[in-house]
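Report on the structure given below.
Along the sequence shown, the residues carry numbers beginning at 1. No experiment lies behind these values; they were computed from the predicted model shown.
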Amino acid sequence: MGGRKRRKVKLLSARGVDGKRRKTMNKKAMLEMQTWSDLPIELLELIFCRLSLEDNIRSSIACKRWNTAAISVRVVNHSPWLMYFPKFGNMYEFYDPAQRKTYSLELPELYGSRVCYTKDGWLLLYRPRTNRVFFFNPFSREVVKLPRFELTYQIVAFSCAPTSNTCVVFTVRHISPTIVAISTCHPGATEWVTVNYQNRLPFVSSIWNKIVFCNGLFYCLSLTGWLGVFDPLEHTWNVLAVPPPKCPENFFAKNWWKGKFMSEHNGDILVIYTCCSENPIIFKLDQSKMFWREMKTLDGMTLFASFLSSHSRSDLPGMMRNSVYFSKVRFFGKRCISYSLDDCRYYPRKQCHDWGEQDPFENIWIEPPEDLSSFI
């Protein structure tokens, strides 16, 4: 009997081992049969949130699970809106170039003001009659006042939203070809600070100059294409020894200085030159070699150009990429003038614009509200 029991125990243990082996082999086979679509939804979302918009969209067509995960974390940048300042009344129009829609908003708070600059959804405005300078958010109706200051023929810019404690307002005015007066202020200050600086190179300031804030510095493009740089922390001013961008001779026609725009993108300084029927030319400042390099492509980026403030975007819908959108609409306000670097043409076709005819204070690009339903 003892021998039979021992044989039964051995047989049962052998069967147990075989069962475990079969289970292990089945698990391995199941793992080998699994695909990327079988990944947990949480892991898929973690992967998709790190992709660019283009890669996110491409991945979403693989299967239903990937589509659900990709859409749940997809972030689509919104293009800025073109805000129009009326000649009369308090009704302001906002044009959305992506949807080709126009919205209206009554803003009596802006009566008697002219626009100077925009950033992070805030407007910087000036009332010539009272020399009042103030920030205004047209969607939240918030107002931030600054000390009075007389703005003559210079332009003004600010570094970030006035709700930030690092906000700096900057303007430059030339006293002579070799001396400029730089004035700065910040929300909460009781007065503007003005300091005269000596130029190594001639720098002429005017209403047609352009200013952008990039990498903690204010870059100012002069009327003749020279680039001045102001450091608000070190309080230093320098005109870079970078020759102005070279343009074809036919660019230097009537009102040529009015067809210049400047923007920044991820630490790069970009300048756009336009002239009537000529195709725009875009330059990027090569900061290592200190020269302006002409760009044949924007690598999917989109520029939004206006006289007083220009913007850049990435990850916009495909039809808007690698293009420049200008601050003018055609066809009864139904379409914005744009230029495609892919197609080397304007849209609508032959709708290029003589910038000398446009009022510089007529409109400006501004960040749209986060909640569109509350705005409408």
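- Rounding to the nearest 0.5 Å gives a distance of 10.5 Å between CZ of R114 and CG of L124.
- The closest donor-acceptor contact from the side chain of D231 to the backbone of L217 lies at 3.5 Å or more, if one exists at all.
- Looking at heavy atoms from C-beta onward, T171 lies in side-chain contact with F149 at the 4.5 angstrom threshold.
- Of all heavy-atom pairs spanning M83 and L107, the tightest one is CE-CD1, 3.9 Å.
- Panel note: side chain Y197, backbone H235; a donor-acceptor pair is recorded below 3.5 Å.
- Remark: side-chain polar atoms of Y325 are not paired, donor with acceptor, to backbone N or O of P97 under 3.5 angstrom.
- Annotation: R148, atom CZ; neighbour count of heavy atoms from other residues, nucleotides and ligands within 6.0 Å is above 12.
- Atom CZ of F170 sits about 13.5 Å away from atom SG of C185, to the nearest 0.5 Å.
- In this structure, S310 OG and K260 NZ are separated by 12.5 Å, a value rounded to the nearest 0.5 Å.
- More than 12 heavy atoms of other residues, nucleotides or ligands lie within 6.0 Å of CZ in R141, so this atom counts as buried by the packing criterion.
- Under the 3.5 Å distance criterion, the side-chain polar atoms of Q154 are matched with a main-chain donor or acceptor of T152.
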Steps toward side-chain hydrogen bond (donor to acceptor under 3.5 Å, both in side chains) verdict (S140, E142)
CA-CA 5 Å; S140 66; E142 294 177 82; 2.9 Å; yes
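- Annotation for C160 and T166: closest pair SG-OG1, 3.5 Å, computed over non-hydrogen atoms.
- To the nearest 0.5 Å, atom CZ of residue F203 and atom CH2 of residue W237 are 4.0 Å apart.
- Contact check for I155 versus C116: no side-chain heavy atoms found under the 4.5 Å cut-off.
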Before you tell me yes or no, could you show the steps for F307 and W208 under ring pair (Phe, Tyr, Trp, His ring centres under 6.0 Å), namely the whole-Å CA-CA distance, both residues' side-chain angles and the distance that decides it to 0.1 Å?
CA-CA 7 Å; F307 285 114; W208 304 110; 5.6 Å; yes
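- By the 4.0 Å N-to-carboxylate-O rule, R173 lies too far from E150 to be salt-bridged with it.
- Minimum heavy-atom separation, W192 to P147: NE1-O, 3.0 Å.
- Aromatic pair Y84/Y95: centroids not less than 6.0 angstrom apart.
- Of the listed residues (N363, I337, L308), just one forms a side chain to side chain contact (heavy atoms under 4.5 Å, CB included) with S327, and that residue is N363.
- The structure places CG of L125 at 12.5 Å from CZ of R132, a figure rounded to the nearest 0.5 Å.
- The closest donor-acceptor contact from the side chain of Q287 to the backbone of G267 lies under 3.5 Å.
- Although no hydrogens or angles enter the test, the distance criterion places no donor-acceptor pair under 3.5 Å between the side chain of H78 and the main chain of P368.
- Between C220 and F230 the shortest side-chain heavy-atom distance does not fall below 4.5 Å.
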